[in-house]
There are 2 protein chains.
Amino acid sequence: MTIYDIARIAGVSASTVSRVVNNKPGIKEETRKQILALLEQYDYSPNETARGLVNKASRMIGILIADIRYAHHVDIAYYIEEEMGKHGYCSLILNTGLTDDKKVDAVKVLEQRRVDGVILVGSTFQCEAVKRALESGLSKVPVVITNGYLDLPNVKGVLVDEREGVEHCVEMLTAKGHEKLAFVLPNHTPSNLSKQQGFIQGMEKKGWKREGLWLYECPTTLEDGYAMMERILEEHPDVEGVIFGEDLSAVSAIRVLHDRKIQVPGQVAVMGVDNSKYCDICYPKLTSLNNRLLEMSLEAARILLDSLEGRENPDKIMLFSRIVEREST
Amino acid sequence: MTIYDIARIAGVSASTVSRVVNNKPGIKEETRKQILALLEQYDYSPNETARGLVNKASRMIGILIADIRYAHHVDIAYYIEEEMGKHGYCSLILNTGLTDDKKVDAVKVLEQRRVDGVILVGSTFQCEAVKRALESGLSKVPVVITNGYLDLPNVKGVLVDEREGVEHCVEMLTAKGHEKLAFVLPNHTPSNLSKQQGFIQGMEKKGWKREGLWLYECPTTLEDGYAMMERILEEHPDVEGVIFGEDLSAVSAIRVLHDRKIQVPGQVAVMGVDNSKYCDICYPKLTSLNNRLLEMSLEAARILLDSLEGRENPDKIMLFSRIVEREST
DNA sequence: TTGTATGCGTTATCAA
DNA sequence: TTGATAACGCATACAA
């Protein structure tokens, strides 16, 4: 059923039907009613593809995300999809993984689909490869990156001061008497590296030497988190607190301590980052740095909508993280 | 940059460029090379919207999901997106919530977008409203529903025998000496109701009367799960086991028992359904009925691809659930 | 091997 | 208030 079909049945031209469909003025009330009835009767549904072609707007946005299965990522995707949906935009969600080539491929897909805007979820997209891909293919559409920044005229960033946040974590733990701390770095994203930076600076303020700090690296899985905590305990049996760069491995670490009958937080305090659902599920409940991912995603959607509708916004917006204390500290 | 632009620069016609772009035969090797170079040089990217219009195929599929934030839903969406992406299809993921009108709206959106196929995630879409919406708008495209079935010529279903699965849970628990069991029903989806049915039948086999069974209802949240378990303990202090229709509330229940120093599974055994990530995060780890959501989603994607590419498949495919024992039973 | 013409379903411009 | 016509970018049948 196209506007031509409807037009033929109604005995009018296609443009008249189009006007009715789009609620344009300048149509006699009588014909409008008649056509509206026909539209209803034949269950007419406008072809968005054709609209997109002539309007040069797909009313779709792209959401690039390393892996939507991470609890904090999925929340972001959910809220963005919901918010954009309210404004008539569909979301094309692409899981890219962490490798450059797949991220670039995903940008190409969005380019072919002629999305009207893009949201990059996570600082992993703050990299040269993505920057170049955006420059070549998507330099004309607004882009928002959460938890990162790309120096491109069409890209805006929503950031969280995770560096400072983790520094506060160090302060809080030492204030509670946990002085011998370790930090566990997840993937090498700019965001994670800045968390590590915060740890280093926090410890230096307490008089520790940079070289002597207990810095570790560990992938974002339960299994790796478990092995990580075991290793820390082996290498530093006197450890008094561990800050993990994300929640999932921290959750496993808690379990290690529990299995070994090491008091949490009595003997060893544990913290995560992301303030995800996992924090309330493990035992004891995990204290975590709330890096405001929810607010960040809503901000990102808002900024993208602003750009899409011609409203101005600053290039960078900064949110402040805060510690959510639970039972593990 | 369109094929016309490239054609003009190359001094050929647009159809020649189109043929090169689509790797069609019947082009002199020399011109092909020349155009390929130009395509590369000018960073040509075919407009999928225009292609979709002429090909009458969007190469997009729709994924309808009540709420992608549920751990088991997001896994499904992830695997479907990945699998379809490999075959050149983009996924339009829409969160519909549980109300009929929003589900119907989502179907309309997919209709307007002229998706080539649809996957409905979860038995919540097995309802009259969705059925009618599909009939009116999407009767021409293949649809696959996971964990449910709709009697429509273009709809195929992938099902899991959760009824039988929960019946086995009852058997297992009673075999371990937990005889006084309660069941907690999440939302009233067909899937959840069949789990409850399995519980009832399992208990009846053990000689219980249907009327005396301890049946409860509880939304899928940590808070509600906590209150639920408290209520069960209050009303039935002699309870020996609880089967929750999904994992999240079960996780909270475990915490209640732990807080009250009630041994799990010594005094009270707890089970969930979905075998989600949550099971490994809580303490003690949660035994859960694996309803094979991962395999189901891959099957759904495979069936949809088969339909899209003209291969036949049975209308229903049944998978069998199995219990994954952890520490809570 | 290549080009011309047409159509996909819309919206928009201009004329009536 | 309405209609004819031309785009939008591409693929394809047919002609050359």
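The structure displayed is predicted, hence computed values, not measured ones. Every heavy atom of this structure was used, including side-chain atoms; hydrogens, water molecules and symmetry mates were not.
Rounded to the nearest 0.5 angstrom, A:Leu159 CG and A:Lys316 NZ are separated by 6.0 Å.
Taking the 5' to 3' direction, DNA chain D first and last meets chain B under 4.0 angstrom from a heavy atom at D:dG9 to D:dC14. Between chain B and DNA chain C, the heavy-atom contact criterion of under 4.0 Å yields a 5' to 3' nucleotide range of C:dT1 to C:dG9.
Note that the two end axes of the helix from C:dT1-D:dA16 to C:dA16-D:dT1 enclose an angle of 40°, each drawn from 5 base pairs, rounded to 10 degrees.
When every heavy atom of B:Tyr89 is checked against every heavy atom of B:Met60, the shortest pair comes out as CD2-N, 4.0 Å. Closest approach of A:Ser307 and A:Pro142 over heavy atoms only: CB-CB, 3.4 Å. Shown here for A:Ser58 and A:Arg114, the closest heavy-atom pair between the two residues is OG-O, 2.8 Å.
Contacts between residues 41-56 of chain B and DNA chain C, defined by a heavy-atom separation under 4.0 Å, are made by B:Leu53, B:Val54, B:Lys56. Of the residues in residues 2-26 of chain A, A:Thr2, A:Ile3, A:Tyr4, A:Ser15, A:Ser18, A:Arg19, A:Asn22, A:Lys24 come within less than 4.0 Å of DNA chain C through at least one heavy atom, sorted by number.
Taking the six-membered ring where tryptophan is involved, the planes of B:Tyr70 and B:His72 are essentially parallel, since the angle between them stays under 30° and well short of 60°.
With respect to B:Lys131 and B:Glu135, no salt bridge is recorded, no charged nitrogen being found less than 4.0 Å from a carboxylate O. Between A:Lys108 and A:Glu111 there is no salt bridge, since no side-chain N of the basic residue sits under 4.0 Å from a carboxylate O of the acidic one.
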Salt bridge (Lys or Arg N to Asp or Glu O under 4.0 Å) between B:Arg8 and B:Asp5: does it pass, once the steps are laid out? CA-CA 5 Å; B:Arg8 196 166 14 79; B:Asp5 298 322; 2.8 Å; yes

side-chain contact (heavy atoms from CB on, under 4.5 Å) assessment of B:Arg113 paired with A:Arg59: CA-CA 10 Å; B:Arg113 296 284 172 177; A:Arg59 291 197 78 76; 3.6 Å; yes

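Listed by chain and residue number, A:Ser18, A:Lys24, A:Arg51 satisfy the side chain to side chain contact (heavy atoms under 4.5 Å, CB included) test with A:Asn22 (two or more places apart in sequence, or in another chain).
Other residues, nucleotides and ligands contribute only 12 or fewer heavy atoms inside 6.0 Å of the CD atom of B:Glu30. When the shell of 6.0 Å around CD of A:Glu309 is examined, it contains more than 12 heavy atoms from other residues, nucleotides or ligands.
Residues B:Ile35 and B:Ile27 fail the side-chain proximity criterion, which asks for heavy atoms closer than 4.5 Å. Side-chain contact check for A:Asp306 versus A:Glu312: every heavy-atom pair is 4.5 Å or farther apart. Put simply, the side chain of B:Asp75 does not reach to within 4.5 Å of the side chain of B:Leu294, judged on heavy atoms.
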